[in-house]
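Working notes for the structure below.
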Amino acid sequence: MTTAVTTEITDGIAVVTVDNPPVNALGYDVRQGLADAVAQTDGDDSVRAVVLIAAGRTFMAGAEIKEFGKPMQDPGLPDVVLSIESARKPWVAAIHGTALGGGLEVALGCHYRIVDARAKLGLPEVHLGLIPGAGGTVRLPRVVPVARAAEMVATGRPIRAQDAVQIGLADRKSDGDLRVDAIAFAGDIAGDPLPEALVNRAPVDAPDEEKWREIAGKLVSKARGQNSVLRAVDAIGEAVQLDGTAALAVERQIFTELMQDPQSAALRHVFFAERSVGKLPELRGVDPRPLSQVGVIGGGTMGAGIAVALLLSGLHVIMIERDEDALAAGQGRVADTLMASVKRGLISPDKRDTLLKGFIGSTGYDALAQADLVIEAVFEDMDVKKQVFAALDAATRPDAVLATNTSYLDVNEIAASVADPSRVLGLHFFSPAHVMKLLEIVRPDQVADDVLATGFALGRQLGKIAVPAGVCDGFIGNRILSAYRRECDYMVEDGATPQEVDSAMKAYGFPMGIFAMQDMAGLDIGWAARKRRAPTRDPKERYVSIADRLCELGRFGQKTGAGWFNYPEGSRRGEPDPLVENIIAEEAAKNGIEQRDFTAEEIMDRILGAMVSEGRAILEEGIAASPEAIDVVMINGYGFPRWRGGPMFAAKVAEQGNG
Ligand code: NAD
């Protein structure tokens, strides 16, 4: 028997413990150990029932990453699950932490499941371009309603313990000591006849064709070209039609097919990139400064979103605004956002009330005397930012960390406005700040290591993916955005319509096109930035004035009912506007351009080309530390399709394909 799995028998109940830190991944030792444990407990007449439990912080949380992409050494996971399922003794899975992927598949092989009240259960394989490969798609719809099974497999989203009980995935919930409760449960069922193996059962329900089309259609519509989602839906469809054994063969076939799919390689690239981009060797061993009270300056779109993110992570927040009216508006935004979270069932009303108790507002900087960190999110204007930082310098403790959420401005210049610039850094959040996962951590020249470490610690506490970025106009993401936006402007002046550009991007896998996105964010922000840069613009460089002309007409996007597109009566779906087409034609004529047609392919080639060449420049200048950092930023902040691996990865794949 391997040391990763041990069995202890007391009063006829065998407790099989998996201990493979840090997350009890299902490597060879664990698989062999489980197979041995089945043989041992089957062969021991004193054993009446078996409890399968894991040591440490979680149940088995999935495959062994070290074995990823290599052929699996026997026994394979599907066989291990089958052997548990066909054991002669009843097995009870006792689940705490996260039972994900292979972990949940092992639990589905068990005859019963008991879950710790805080446990989460899921099949996230789609996120790696795969589907479950050890019977998950076959057994899940045989224990929970087919619609729920399809949702879990196709979205990869884990569910909570109480939902698992409600839909039948778990038999019991433990609110106390899981091990004790699991042993008691095993004692209760030890004398019952062994339940029929899931694989031999019929699906829980059988949606008729119309209902299934509706369920599948909804899931597929969110796939945006991601094969694993489409195939996950197919697998569930087959699992419901076929008998269990035949369905297992189909699952294996789809799994093997997806393993070879370039999309899976791209998604694995992103998986590893997201886990490595925020690990800076120079910060190893550097302790972050402790955080408890955080100030937020400005209660607008970003300030309010940042405040919500901070509150949700358990920090106390002090919001500063310039006057009472603006403060009331900012506080109102925070309260409304938390209320929306209550309505969506994300937090309880009690939790909202508790969070609001940790939230105070003020129009005076004195309130920040004890703040550990302050995040500035006022207007994007250097003079305003400098005034705010001067006030912060006077009001805060000398060891408090000061951060700016600026999108484009020079963080070195902002840092120079305080006596000790080593305590200043950029924390560039994305909108809505309590939802978006990306956080660019901008490193000005003089920032202290522990200040930087504090930025990364905050990122972790907020559940963000933190990417270090150097100081430049737009850091990583906005700088690349400016580059491909410019390319799109060129194409529009040359004859592609804004809706053609947007459709090409959507067909590539973006959730929305660049023009609809600008309309959503507001055209005024970019307009202000262009006016600011105008004096330093190279007069020889091509400049497209179409967006400026839209802004001159007060067309700032959705919020004004019109921008690149029209939004009649508050609609969010933009419609092409002949007036915009006229402006485009006029600008083209003024600049002597003979307009021509563009194919979707050419549009995307140009956009990707612009992204990649700006990406390479950013790497050369040291603004981004690696191509992976660029991919992570574009995927998590700008809608680049994850399954394409990011612009730098996609370019590398294309080059290899051509070479
Ligand atoms: P906003 O106009 O919605 O909010 C700015 C707020 O700052 C207003 O409520 C205003 O009253 C307040 N304010 C202005 N001067 C102040 C002062 N001296 N003291 C206290 N409060 C003051 O703007 P926003 O969209 O939230 O952007 C804020 C910052 O975040 C900008 O630097 C912007 O570039 C950056 N940013 C914006 C986004 C976005 O998508 N909106 C994304 C990332 C970063």
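We count ligands from 1, going down the list as the structure has it; atoms in each ligand are counted the same way.
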Review point. Should K531 and D548 count as an ion pair when the cut-off is N to O under 4.0 Å?
Key: no
Practice item. List the steps, then state whether side-chain hydrogen bond (donor to acceptor under 3.5 Å, both in side chains) holds for Q446 with S422. Key: CA-CA 5 Å; Q446 299 199 41; S422 77; over 6 Å; no
Point to revise | Point-to-point distance, once rounded to the nearest 0.5 Å, from CG of L392 to OH of Y365 | key: 5.5 Å
Exercise for review: Taking R423 for its side chain and V401 for its backbone only, find out whether a donor-acceptor pair lies under 3.5 Å.
Suggested key: no
Point to revise | From CA spacing to verdict: salt bridge (charged side-chain N to carboxylate O under 4.0 Å, His left out), D494, R542 | key: CA-CA 12 Å; D494 289 345; R542 179 174 175 187; 2.9 Å; yes
For each nitrogen or oxygen atom of ligand 1, which protein N/O atoms lie closer than 3.5 Å, and how far apart are they, rounded to 0.1 Å?
{"residue": "ligand 1", "atom": "3 (O)", "partner": "T301", "partner atom": "N", "Å": "3.0"}
{"residue": "ligand 1", "atom": "3 (O)", "partner": "T301", "partner atom": "OG1", "Å": "3.2"}
{"residue": "ligand 1", "atom": "9 (O)", "partner": "G300", "partner atom": "N", "Å": "3.4"}
{"residue": "ligand 1", "atom": "9 (O)", "partner": "E321", "partner atom": "OE2", "Å": "2.5"}
{"residue": "ligand 1", "atom": "11 (O)", "partner": "E321", "partner atom": "OE1", "Å": "2.8"}
{"residue": "ligand 1", "atom": "11 (O)", "partner": "E321", "partner atom": "OE2", "Å": "3.2"}
{"residue": "ligand 1", "atom": "11 (O)", "partner": "R322", "partner atom": "NE", "Å": "2.8"}
{"residue": "ligand 1", "atom": "11 (O)", "partner": "R322", "partner atom": "NH2", "Å": "3.4"}
{"residue": "ligand 1", "atom": "21 (N)", "partner": "E321", "partner atom": "OE1", "Å": "3.3"}
{"residue": "ligand 1", "atom": "26 (O)", "partner": "T301", "partner atom": "N", "Å": "3.3"}
{"residue": "ligand 1", "atom": "26 (O)", "partner": "M302", "partner atom": "N", "Å": "2.8"}
{"residue": "ligand 1", "atom": "30 (O)", "partner": "N405", "partner atom": "ND2", "Å": "2.9"}
{"residue": "ligand 1", "atom": "32 (O)", "partner": "V378", "partner atom": "O", "Å": "3.3"}
{"residue": "ligand 1", "atom": "32 (O)", "partner": "E380", "partner atom": "OE1", "Å": "2.5"}
{"residue": "ligand 1", "atom": "32 (O)", "partner": "K385", "partner atom": "NZ", "Å": "2.6"}
{"residue": "ligand 1", "atom": "34 (O)", "partner": "E380", "partner atom": "OE1", "Å": "2.9"}
{"residue": "ligand 1", "atom": "34 (O)", "partner": "S407", "partner atom": "OG", "Å": "2.6"}
{"residue": "ligand 1", "atom": "36 (N)", "partner": "S407", "partner atom": "OG", "Å": "3.2"}

Practice item. Output yes when R616 and E621 qualify as a salt bridge under the 4.0 Å nitrogen-oxygen rule, no when they do not. Key: no
